Amino acid sequence: MSGPRDRPAIGAGSGGRAARWALTALALLFLGCFLLIPLAAVFVQALAEGAGGYWRAIADPDTRAALRLTVLTALMAVPVNTLVGLAAAWAIARFQFPGRRLLVALIDLPFTVSPVVAGLVFVLLFGAQSALGPWLSEHGIRILFAVPGIILATLFVTSPFVARELIPVMQEQGIEEEQAALALGASGWQTFWRVTLPNIRWALLYGVVLLNARAIGEFGAVSIVSGHIRGQTNTAPLHVEILYNEYNFAAAFAVASVLAAAALLTLAAKAIIGRRVGP
Amino acid sequence: MRGVLAPTHPRRRVLPGFRLSLGITTAYVGLLIVAPLAALTLRAAKIGPSQLVATISSERVLAAAGLSFGASFAAALINAVCGLLVAWVLVRYRFPGRPVVDACVDLPFALPTSVAGIALTAVYAPTGWLGAPLAAAGVQAAFTRLGVVIALTFVGLPFVVRAVQPVLEDLDPEVEDAAASLGASRVQIFRRVLLPSILPALLTGSTLAFARALGEYGSVIFISGNLPLRTEVVPLLIVARLEQYDYDGATAIAAVMLALSFGLLLAINSLQAWSRRREAMP
């Protein structure tokens with residue numbers, strides 16, 4: 001991402017002054033129409049009814065509950081998928097075993113599966129019409145249209161992020177340093193904490209930032225398993241949809257602006273960490 | 001059973017933690033990813049092939065599939081051209097605010113899709129900042145198929161830029177200078193020198209953008225207007241079936257989508273392997 005910063009742009013393909021100016025303007029026009037203008041619209045629309053309206057929308061108990069549920073979901077999904085991502089990267093980048101490539105493909109699969117399909121599989125697994133459904137309701141366990149379902153769907157869609165960032169970095173680093181530590185008498189955990197973790201910390205943090213952003217923002221999969229019960233199973237991205245569909249546009253954009261601010265923080269963190277990870 | 005070291009490391013001392021890490025990973029992947037997807041596949045198998053074919057060949061499903069494929073392809077194509085342009089400008093040119101622009105490219109990864117959906121709808125609606133001038137020119141963007149393409153272009157935007165950028169950074173500009181000194185025109189330099197080097201990355205990024213667009217739900221449903229047979233995409237149709245408690249219908253469509261995801265994942269993996277071989281070449 002961060003290229004050689006000081007190198008002047010050379011190369012005959014780069015073109016003359018006029019070509020540079022025109023291509024830069026075209027690229028900025030494209031990014032403006034698709035990214036910057038919509039982003040600006042979120043904040044302008046959020047303040048359409050003034051600061052008072054904005055505050056009322058944010059202070060609304062349903063909005064607060066939705067934001068709390070979103071934070072709770074991220075607090076569950078981030079640690080679990082970080083730990084499992086570390087374990088997966090260790091197994092895949094440090095050892096050869098039969099079925100390794102299949103395992104990598106399965107870890108990647110949630111990236112290409114539609115969020116709607118991700119939500120549907122949990123409905124089929126735990127819904128009233130499923131094999132498990134009657135048993136679950138007999139024992140009073142609610143997964144679907146309740147918080148556990150929301151967390152499961154979020155875990156599914158966010159599971160690849162950490163492993164995806166760590167595997168290439170760990171493969172490139174090789175195992176010499178870890179072998180040296182073990183040869184000098186360090187235990188396995190000591191080797192991991194003192195040798196492996198410091199080497200991968202920026203890539204790990206990068207993966208966690210992406211994982212967190214997706215956990216906060218997941219819409220499709222969560223929308224199918226949540227049941228949209230206000231104050232109970234409504235996350236912030238779902239609350240945006242509910243308010244919008246009630247034509248309560250200013251409130252919808254107010255909640256959206258909170259999520260957009262979180263996205264901007266993610267971008268800032270990503271840019272800072274990305275410089276350390278290197279291209 | 002213990003893991004054997006990767007062949008690139010000749011010393012045969014085995015690191016600890018193989019069984020623990022592989023155990024955690026297979027258990028988690030098995031329970032969270034394989035079991036639910038197997039449940040979907042089994043349920044689809046129970047429906048039976050004739051019923052399955054009947055469900056997915058209904059007029060409404062075929063119309064949605066046509067729109068999903070067409071709009072995803074159009075969005076991937078727009079992203080291939082404009083994403084290459086953005087990557088080129090970010091790597092080769094220096095202008096004020098470049099680091100901020102670079103960081104903004106990832107916005108579609110960070111912004112919740114429902115927020116993107118209502119923002120794009122507000123901007124491209126007939127009264128919106130960009131929708132109004134478009135409407136004056138006789139083009140309605142929101143609530144038409146064009147709106148679907150706009151939303152899918154948004155969600156796929158970072159893929160091509162981020163795939164092509166590192167390859168462009170590694171290109172040696174002297175090769176272009178050499179080509180120019182041998183009398184190649186700028187178009188020839190692009191076609192004969194630059195394009196062959198970036199083609200694998202460009203195809204990888206475009207395929208990723210296509211895969212993401214095909215399954216996209218949140219950012220599309222607001223801007224599309226959701227008219228059956230006209231502006232309804234496949235993921236929305238699955239949701240519509242579920243809301244009518246038509247689990248078999250939803251499952252049949254989802255099973256086909258899942259098979260497509262597998263196929264696209266395989267295509268992406270082979271494209272990435274091709275990119276890596278290209279990069280490894282001197």
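This structure is a prediction, so every number in the text was calculated from the model and none was measured. Letters A, B, ... mirror the listed sequences (proteins, then strands); counts begin at 1.
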What distance do A:Phe122 atom CZ and B:Leu40 atom CG have between them, rounded to the nearest 0.5 Å? 11.5 Å

Please classify the contact between A:Phe30 and chain B as side chain, backbone, both or neither, with a heavy-atom cut-off of under 4.5 Å. side chain

Any donor-acceptor N/O pair, B:Ser261 side chain to A:Thr112 backbone, under 3.5 Å: yes

At a heavy-atom separation under 4.5 Å, does B:Leu130 approach chain A through its side chain, its backbone, both, or neither? side chain

Would you call the rings of B:Phe222 and A:Tyr244 parallel, tilted or perpendicular, taking 30° and 60° as the class edges? perpendicular

Relative to chain A, which segment of B:Leu157 carries a heavy atom at a distance below 4.5 Å: side chain, backbone, both, or neither? side chain

Go through the atoms of B:Phe154 and report whether side chain, backbone, both or neither lie under 4.5 Å from a heavy atom of chain A. both

What's the verdict on side-chain contact (heavy atoms from CB on, under 4.5 Å) for B:Val89 and A:Leu26, showing C-alpha distance, side-chain angles and the deciding distance? CA-CA 9 Å; B:Val89 166; A:Leu26 267 179; over 6 Å; no

Name the region of B:Leu236, side chain, backbone, both or neither, that has any atom closer than 4.5 Å to a heavy atom of chain A. neither

Is the distance from the ring center of A:Phe95 to that of B:Phe18 below 6.0 Å? yes

With a 4.5 angstrom heavy-atom cut-off, is it the side chain or the backbone of B:Val86 that approaches chain A, or both, or neither? both

Interatomic spacing from CD1 in B:Ile118 to CD in A:Gln45 - rounded to 0.5 Å: 8.5 Å

Just verifying a value: how many Å separate B:Leu22 CG and A:Leu103 CG, rounded to the nearest 0.5 Å? 6.5 Å

First locate atom CG of A:Leu124, then atom CG of B:Leu242, and finally report the distance between them rounded to the nearest 0.5 Å. 7.5 Å

Spatial distance of atom CG (A:Leu106) from atom OG1 (B:Thr25) [nearest 0.5 Å]: 11.5 Å

Answer with side chain, backbone, both or neither: which region of B:Ser181 has an atom nearer than 4.5 Å to a non-hydrogen atom of chain A? neither

Quick one: pull up CZ in A:Phe97 and CZ in B:Arg19 and give me the separation to the nearest 0.5 Å. 14.0 Å

